[in-house]
Amino acid sequence: MGVSMKKPKDFNIILNRIHAAQNWRDSCYKDRWRENIKQYRSIADKKPQEFSNIFVPQTFMMCETVKARVAESLFANRPYVSVLPRNTDDASNAKAAESLIDWQLNERMNIKRLFADDILQDAIVLGTAVCFTGWLKQERQIKEKMEITIPLVDDDGNPFIDDMGMPAMVTSEELVPRMVTVYDDPLTQKVDLFDFYVDRTATTIQDARFCGHVEYLTKEQIENFVENAGWKVDWENVSPIEDITGGKEIRAEITGATLGGADDTYDNKDKNSKYAVTHYWEDNRHVVIINDVECVLDEENPFNHGEKPYDKCCYVPLTNEFYGIGIPETVKDLQAELNTARNMRIDYNAMALRRMWKIRKGCGLTPKDLVWKQGGVLQVDDMEDILEINVQPLPASAFSNEDVIKQDMRDATGVHDIILGLAQADETATTTMTKDNNASIRFKFFIEAVVDDMLLPIVNKMLSMDTQYLEQGRIIRLIDDAGQVGELLAILPDELGNDYDFYYVGSSVEPMANKELNKNKMIEAYQLAMANPVVQQDMNIQRNLLRELFNALEIKEVDKIVPSENELPMMSPMAPQVMSSGGPQQATSMQAEPMISVNPTTMEV
């Protein structure tokens, strides 16, 4: 039966707020988001079968190009976020916090895939992305082989006695069940916009009076919260929900997929029956409601950071509006024009292939006679009894018009050919570099918005929850971006703190053309420096120059190549020598050969 908790006095007020926010969302944005998804998925409206109905996937290509470029630039370098202490005495603790966060972002959350597959896709396609950051502790029962000692007995169950008069013992292996913790860390998840609701007067999560989301949980999942999170449920007051209208179902309906089935209807005794669970959040309050009738939790904000556990970012923010706009909405009319132009040209070509004829009345020919037959012959009394209706060929402007539309779409989104790795054959390097720079500015602006509105707030919440919920130390193994395995690092909860500043250091939005130019400049600078007599005599300067050159050339594991400071005293600068008949002599010129020879054209070291 379960235990029912007393409903809060403002329960009906909370329900009215939730329903009003959901109705406002559905009336203003639901249809718009549905159209954006259809356009992204290249789903065309139905037309009569005799007409062409091609949907040119130009919007899909642009969205995927932007998503891939932003995701790759956003997480180009590890660690993604640098943790700096505000007190110089906390430098070691800040380094421990930075290592723990980097490990949790990559090894526990797989943050790069989460952003690329979910968050960035929603932001680019729907215009807005929302995520939830909380703490998850998950246990699982496993079976392990364990050695146990049991007495050796005969067929009648009597123990054998050894020489010492003691029962003879034998060791055997048995499978013993054991509970293990498989996850006990922060967790960030995307919240579907169709499931999220917010105060309609808000423009950000911070200034919203309330917000929340709806999720569909099974009875077994809810009972787990009853046991571990203090929920109180009276199962006689709630029934399984059959008509699920969440974001997953809406997206499936748009694409024509079906999620229902005969096994989706459960009774209230089935642990797999589903219920609509609504989370309502204020800055200092959290309320959970099942099926809009049963309040199962009313508590203060459980997180020490005291904020609503949501974050959002927009692809194109709009002034005084909570939701932004994405690429499909920006190029909606241009995509429709492109589809129309393509389909009209196909229909025209089809009409030209399926020719029409003029037949003189009384000539004896019927429309069946005009069906094409291999080697067929039509007998007529007069050559004018049958005449073909000529179709004029398409003008050249019919083909150039599509290029104009695509160029307009590229101008609107910033996804030019250079972003796709394409360039005009007669284009100079300066022109290509200028286009690449201009296009990168737009992506850099969006990356900064994602960092400021999403990534850094997530990290801030993560560290706060680490200090709140982390009970045992962590032994982590950091893996760098090149996939190299590092040393094991032990981190204790006492080493963490909250008095830190967070700086994003993971981005690399520099255009490729600029990178190649900078590499060439670095090579030239290295060669000029190595020709200087002062540099030739100072091994420290040579070592630092070599490190900078290798970093510019993006060579991994520089520390394994360049001598360390401890190895430098064992090395001495070699003055240039010339060979003569009497043996080696000191060269008159002070110019020495550089430590490394680099081809500026091919950049071969």
Side-chain angles (χ1 to χ4, degrees), residues 36 40 58-77 80-82 112 115-116 119-129 204 311-319 321 323-332 334-335 403-424 427-457 481 502-522 551-552 554:
N36 289 350
Y40 167 73
Q58 191 75 7
T59 301
F60 174 82
M61 181 269 293
M62 290 181 168
C63 291
E64 289 300 300
T65 299
V66 173
K67 184 180 76 172
R69 176 150 184 163
V70 171
E72 186 64 26
S73 300
L74 189 63
F75 302 104
N77 304 307
Y80 309 135
V81 177
S82 177
K112 187 173 182 179
F115 269 71
I119 294 176
L120 292 179
Q121 181 165 306
D122 266 12
I124 294 169
V125 176
L126 303 181
T128 308
T204 64
D311 295 291
K312 72 105 179 178
C313 66
C314 298
Y315 184 71
V316 178
L318 300 177
T319 305
E321 293 192 32
Y323 296 105
I325 60 176
I327 289 179
E329 190 170 349
T330 305
V331 298
K332 177 182 178 181
L334 291 172
Q335 179 69 63
D403 294 333
V404 173
I405 299 172
K406 289 183 178 179
Q407 184 60 46
D408 290 342
M409 297 178 75
R410 289 191 287 265
D411 292 339
T413 59
V415 187
H416 293 280
D417 289 340
I418 189 65
I419 301 300
L420 303 175
L422 305 176
Q424 300 296 330
E427 200 171 78
T428 64
T430 303
T431 302
T432 301
M433 190 183 308
T434 302
K435 289 183 177 180
D436 201 6
N437 283 328
N438 294 337
S440 296
I441 290 175
R442 301 186 65 167
F443 294 122
K444 184 177 180 181
F445 179 80
F446 178 49
I447 289 174
E448 290 176 351
V450 174
V451 169
D452 294 338
D453 299 338
M454 187 76 75
L455 185 59
L456 290 182
D481 197 50
F502 301 99
Y503 292 93
Y504 174 66
V505 293
S507 178
S508 176
V509 293
E510 188 179 11
M512 291 302 299
N514 278 8
K515 287 185 178 181
E516 300 304 319
L517 180 62
N518 291 337
K519 289 178 182 179
N520 287 328
K521 288 183 177 179
M522 187 61 200
N551 288 331
E554 300 181 5

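Keep in mind the model is a prediction, meaning the values are calculated, not measured.
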Quick one: are Val81 and Leu456 in side-chain contact, heavy atoms under 4.5 Å? yes
What is the distance from atom NZ of Lys312 to atom CG of Asp122, rounded to the nearest 0.5 Å? 13.5 Å
Would you list the atom pairs, donor with acceptor, under 3.5 Å between side chains in residues 61-68 and any protein atom, with sequence neighbours excluded?
{"residue": "Glu64", "atom": "OE1", "partner": "Lys67", "partner atom": "NZ", "Å": "3.4"}
{"residue": "Glu64", "atom": "OE2", "partner": "Tyr40", "partner atom": "OH", "Å": "2.6"}
{"residue": "Glu64", "atom": "OE2", "partner": "Lys67", "partner atom": "NZ", "Å": "3.4"}
{"residue": "Thr65", "atom": "OG1", "partner": "Met61", "partner atom": "O", "Å": "2.7"}
{"residue": "Lys67", "atom": "NZ", "partner": "Gln121", "partner atom": "OE1", "Å": "3.2"}

Work out which heavy atom in Pro457 is nearest to a heavy atom in Val451; give both atom names and the distance. CD-O, 3.8 Å
Looking only at heavy atoms, what is the nearest atom pair of Phe446 and Ala123, with distance? CZ-CB, 4.1 Å
Please report the interatomic distance CG(Leu126) to CD1(Ile325), rounded to the nearest 0.5 Å. 12.5 Å
Test item: Arg442 and Thr413 side chains (from C-beta on) under 4.5 Å apart, heavy atoms: no
I'd like to know whether Val70 forms a side-chain contact (heavy atoms from CB on, under 4.5 Å) with Phe115, so could you lay out the CA-CA distance, the side-chain angles of the two residues, the decisive distance to 0.1 Å, and finally the verdict. CA-CA 10 Å; Val70 171; Phe115 269 71; over 6 Å; no
Between Leu455 and Phe502, is there a side-chain heavy-atom distance shorter than 4.5 Å? no
When you compare the side chain of Leu74 with that of Tyr504, does any pair of heavy atoms fall below 4.5 Å? yes
Let me confirm one number: the SG-OH distance from Cys313 to Tyr315, rounded to the nearest 0.5 Å. 12.0 Å
Which pair of non-hydrogen atoms, one from Ala412 and one from Val331, has the smallest distance, and what is that distance? CB-CG1, 4.2 Å
Could you tell me the separation between the CD atom of Gln335 and the CE atom of Met409, rounded to the nearest 0.5 Å? 4.5 Å
Value for CD1 (Ile447) from CG (Leu120), rounded to nearest 0.5 Å, stands at 9.0 Å
Residues in side chain to side chain donor-acceptor pair (under 3.5 Å) contact with Asp408, at least two apart in sequence or another chain: none
Value rounded to 0.5 Å, distance of OG1 in Thr128 from CD1 in Ile119: 13.0 Å
Could you check whether any side-chain heavy atom of Gln407 comes within less than 4.5 Å of a side-chain heavy atom of Asp411, counting everything from C-beta outward? yes
